[in-house]
Amino acid sequence: MSKTSTRLLLGIGLAGLIMESTVIQPAFAADKVSLFKVITSKDEIVIGMTDDELAKLEGNNAGGIAKMLVAKGSMSVWQYAVRKAPTGDLEQAPLRQVGLIASESLRVEPYASPLKIVPIEDGKK
């Protein structure tokens with residue numbers, strides 16, 4: 001391999017390394033958000049909770065959210081909705097903070113979205 005092609009290869013590798021560290025790494029720093037569908041006799045909404053918030057519950061799943069509602073009677077969470085990103089792609093993003101109130105006709109279940117899920121901190125901006 002010639003000296004020029006070796007330098008070119010090293011330059012491309014270095015550029016790739018720099019791009020990975022500045023573009024991809026901040027995305028991993030954000031808290032992962034899990035989505036849940038909350039269903040009542042009247043309507044249903046999708047909520048998002050960070051891993052840190054879920055870790056504080058008894059069970060980091062839908063059952064933990066239900067237990068918290070029964071124990072405390074209410075809780076504040078972020079409602080998620082579909083929106084268009086600046087790139088034009090659809091994504092699940094925080095819409096507003098809402099209060100959930102325990103009721104007998106309430107059901108909480110995991111919600112899987114095929115769309116990108118925006119972290120709570122990014123969605124508030």
Side-chain angles (χ1 to χ4, degrees):
M1 204 182 314
S2 71
K3 194 173 188 176
T4 304
S5 60
T6 304
R7 284 184 181 170
L8 181 62
L9 184 60
L10 287 174
I12 291 172
L14 181 60
L17 183 64
I18 291 170
M19 288 298 292
E20 177 187 357
S21 65
T22 59
V23 175
I24 296 174
Q25 296 304 325
F28 290 124
D31 281 336
K32 182 179 168 274
V33 174
S34 297
L35 298 180
F36 298 91
K37 186 183 284 190
V38 178
I39 303 163
T40 68
S41 59
K42 292 184 179 182
D43 64 352
E44 58 187 53
I45 64 168
V46 175
I47 64 168
M49 295 187 74
T50 65
D51 286 346
D52 289 342
E53 292 171 329
L54 287 173
K56 295 175 185 173
L57 303 178
E58 183 183 328
N60 58 353
N61 54 24
I65 295 170
K67 287 178 187 175
M68 171 74 99
L69 277 171
V70 169
K72 290 199 171 187
S74 67
M75 64 189 295
S76 182
V77 294
W78 279 93
Q79 180 179 359
Y80 267 67
V82 176
R83 74 173 184 196
K84 266 193 180 178
T87 60
D89 296 334
L90 294 178
E91 60 187 10
Q92 287 278 2
L95 178 63
R96 64 181 152 256
Q97 270 195 306
V98 296
L100 296 180
I101 301 170
S103 70
E104 292 179 24
S105 60
L106 182 74
R107 185 172 84 223
V108 181
E109 59 188 42
Y111 181 77
S113 175
L115 305 175
K116 175 188 171 212
I117 300 172
V118 178
I120 291 171
E121 289 298 319
D122 292 349
K124 290 192 273 186
K125 295 177 183 172

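Small disclaimer: the values here were computed from a predicted structure and weren't measured.
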Interatomic distance, Arg107 atom CZ to Ile39 atom CD1 [nearest 0.5 angstrom]
3.5 Å

The test is side chain to side chain contact (heavy atoms under 4.5 Å, CB included); show your working for Phe36 and Val77 and say whether it passes.
CA-CA 11 Å; Phe36 298 91; Val77 294; over 6 Å; no

Nearest-0.5 Å distance, CZ of residue Arg83 to CD of residue Gln92
10.5 Å

In short, Gly48 meets Leu35 closest at the heavy-atom pair CA-CD2, 3.9 Å

Taking Ile47's backbone N and O only, do any of them form a donor-acceptor pair with Tyr111's side chain (distance below 3.5 Å, no angle check)?
no

Nonpolar side-chain network containing Leu115, other nodes, edges under 4.5 Å
Val82, Leu90

By side-chain hydrogen bond (donor to acceptor under 3.5 Å, both in side chains), which residues pair with Ser74, not counting sequence neighbours?
none

Inter-residue atom distance Ile120.CD1 - Gln97.CD, 0.5 Å rounding
8.0 Å

Reported CG-to-CD distance for the pair Leu100 and Gln79, which is rounded to 0.5 angstrom:
9.5 Å

Could you see if Ile45 belongs to whatever hydrophobic cluster contains Met75? Use Ile, Leu, Val, Met, Phe, Trp, Tyr and a side-chain cutoff under 4.5 Å.
yes

Taking Ile65 as the starting point, is it possible to reach Leu106 by hopping between hydrophobic residues whose side chains are less than 4.5 Å apart?
yes

Can you give each donor-acceptor pair under 3.5 Å made by side-chain atoms of residues 49-63, sequence neighbours left out, with the distance rounded to 0.1 Å?
from  : atom 1 : to    : atom 2 : distance (Å)
Thr50 : OG1    : Glu53 : N      : 3.2
Glu53 : OE1    : Thr50 : N      : 2.9
Asn61 : OD1    : Gly63 : N      : 3.0
Asn61 : OD1    : Gly64 : N      : 3.0

Hey, does Trp78 have a side-chain heavy atom less than 4.5 Å from the side chain of Val33?
no

